[in-house]
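The sequence lines fix the lettering, A, B, ..., with proteins before strands; numbering per chain opens at 1. Predicted, not measured: the structure shown is a model, and the values here were computed from it.
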Amino acid sequence: MPERKTPREILAAAGALDKDIIAVSLHGRTVDLHTPIAATVSELKPIRATSPEGLAVIRHSTAHVMADAVQRLFPGTKVTIGPAIDDGFYYDFDKPGSGFTDEDLRAIEQAMLAVVKADSPFRRVTVTRDEAKRMFGAMGETYKGEIIDAIPEGEEISLYKHGAGPSEWVDVCEGPHVPSTGWLKAIKLTHVAGAYWRGDERNPMLQRIYGTAFPTAEALEEHLRLLEQARQRDHRKLGKELELFLFDEVAPAMPFFLPRGAFIYQRMVDYVRGLYSRYGYDEVITPQVFDPELFRTSGHLGHYNDNMYRLWTEDLLEKHPDGAKLRPGLQAEAFALKPMNCPSHCVIFGSKRRSYRELPWRMADFGRLHRYERGGVVHGLARVRSFAQDDAHIFCTREQVAGEITSFIALLHEVYRAFQFEKIDIKLATRPPADKRLGSDAEWDQSERALSEGLDRAGLKYEIAPGEGAFYGPKIEFHVHDALKRSWQLGTIQYDPNMPERFNLSYVGEDGKDHRPIMLHRAIFGSIERFFGVYIEHSGGNFPTWLAPKQAIVLTVSEKSDAYARQVVDRLRGAGLRLEADLSSDKLGAKIRNARLLRYPYMLVVGPKEAEADSVGVRSRDAGELGAMKVDELAARLLSESRPPAEGRADQGVH
RNA sequence: GCUGGCGUAGCUCAACUGGCAGAGCACCUGUUUUGUAAACAGGCGGUUAGGGGUUCAAGUCCCCUCGCUAGCUCCA
């Protein structure tokens, strides 16, 4: 057994120490540079400030310094937890009275800089459970007491201290930390938010301060620059600027699609519709408003009631002097706006006797759905109360499930490729705890296997999300991040033996007997609204020619060319292209600027020269100036770009 | 739903400790006839989200409602 030395000493002795190294990894565990351990140099893997692990060390140390500053500035504030996260850190505080203001953040930042300047070492000491309990008890740190209680028996309890004398600050913490506060070079507190203690909404709400930290001031600035760039792509901002959609208080969280946005929306739907004929789907159209009995059968009234819009008609009302009220006892009669399509599809399936020969039956529906989402969760197009899905339900036999999964994944892949999505996180959400699921273990084994086999056969990498499945069956989820790194689920395919049961659906098998079909819920876009929002950010609003609401704009050099411009517009429209003209009295430079801001794929400049030569001066949004082209030549080019990307033709799209 | 923040012209934003509601862009009109990222001038545009209160006086301070927003929780 080698003697206990600090990793810094060990590395230095071997000549392997440099100033980028801020911690080391020992058998997969990150440890301080300055806490003695028993190890040889060959066992130590250096962790550099620029690596994800190194950044986490810096950020977690910064969180300690912040908590120190907060407790000094706001006596009586209790600390809870303060981990490093993807691009920074946070610390949750229980602050008596009101929360933190922006001015508080600035003051805290200043106080932190003083701690950094003091360059005080982070010291690790281990204590017994009793010592720790007594110490934090005396300090009145009740949350820390709970944290200590939650540390498993037999595990070492360590404290980290920095500062000296009366300004010493201590936290119970696993570590590791940078050797001293002076190592923290670039710190920024970003915002405050509420957060429930232990993430449970029944617990008190704490004040969370978010911040970030980097090894250098340059790295921090680069990070802030990228954040700003992301804000520029926010779909809510682009939606307004590009006149795609708007929101109004008269219908909270329900988008109004303007002509340009509505065009793209319909084009997306048409595109999927086009694929449906190849993949064997039948589209249906179903009602919007239903007798609540339907949702009693489907189980929505029990599980989903809080999220449903209910309607009344005059005959359900009784007049009062102070206004009309729903007649007592009739609440249950109020019709409901559908939040999902599956019940309607079950009604269709069950409307006559079905044969195994009809299976698999893939029933598609672009019906509009309404869900009452709680006030705090709505977000641009990503979480709305009125939307449609590229929804379909596949009724099939148990044996057909795996094949259906494979075919669905192929379809989904084709669609995502068309929209230039390469990076999608896939999750397999498996069975919830036994008290929260239906069906036998054998059934779950089988349905989970069917989904994972489908993924494996498609050669896709995925993560298991244990316990995240629906109570009736597992699901595959496809997630992407928006510009501000919020994760959204787009597509999904879910295995559902439950709904056919509730609707008592059956088909006649080869054996002449009745059998229960399996139902697969599946969507590729998921919510078309959400997909559109994510796609706006993904493309930065630079929609490819096949999707762009207007593919080109004709710009006149002066009013002398108006007549020719109209002629060009007519000819290209006649060829089936979408375009408009800017015949205003602006100068050409201004017209180009406006057209660029609206991100037209092509600008067609026309003046006397072009009129003479039956041509247009072509400027492409993505490829710059292309020079003069004959009108017919241009028409051919635009037409070839107007078709949606198909398999084996990946030459189009966002640049 | 919870904790913070915000809400001023179509858009982006000003208006000091309470003291005459403003600018740029957009829009309309006129002048200019323009060659690859903003011509010039004039004009129109406001229940300062809505309601109540304090005050001689409220965009500004207080209360309620609505909406938006950062998070948390939720998303059978």
- Task: Determine the Euclidean distance between corresponding P atoms of B:rU36 and B:rG30; express it in Å to zero decimal places.
- Result: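 My reading of the P atoms in B:rG30 and B:rU36 gives 27 Å.
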
- P gap between B:rU60 and B:rU55, integer Å: 16 Å

Less than 4.0 Å between a side-chain N and a carboxylate O, is that true for [Y] and [X]?
{"X": "A:K237", "Y": "A:E537", "result": "no"}
{"X": "A:E109", "Y": "A:R106", "result": "no"}
{"X": "A:R202", "Y": "A:D200", "result": "yes"}

- Touch class at under 4.0 angstrom, heavy-atom based, for A:A253 against every strand present: sugar-phosphate

- What does nucleotides 70-76 of chain B look like as a protein-contact string, B for base, S for sugar-phosphate only, - for none, at under 4.0 angstrom between heavy atoms? SBBBBBB

- Under 4.0 Å protein heavy-atom contact, by nucleotide of nucleotides 23-34 of chain B - B base, S sugar-phosphate only: ---------BBB

- Query: According to a strict under-4.0 Å criterion, is A:K240 in side-chain N/O contact with OP1 or OP2 of B:rU12?
  - Reply: yes

- Cation-pi between A:R530 and A:Y535: NZ/CZ under 6.0 Å from ring centre and within 45° of the ring axis?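 The answer is no; the distance or angle limit is not met.
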
- Message: So for atom NZ, which belongs to A:K95, do other residues, nucleotides or ligands contribute more than 12 heavy atoms lying within a distance under 6.0 Å?
- Response: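 Enclosed: over 12 neighbouring heavy atoms sit under 6.0 Å from NZ of A:K95.
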
- Message: Is it the case that B:rG10 (base atoms only) and A:E243 (side chain only) share a donor and an acceptor within less than 3.5 Å, ignoring hydrogens and angles?
- Response: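 Looking at the base of B:rG10, it does not pair with any donor or acceptor on the side chain of A:E243 (distance under 3.5 Å).
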
- Message: Near RNA chain B, counting only heavy atoms under 4.0 Å, which residues of residues 255-264 of chain A show up?
- Response: none

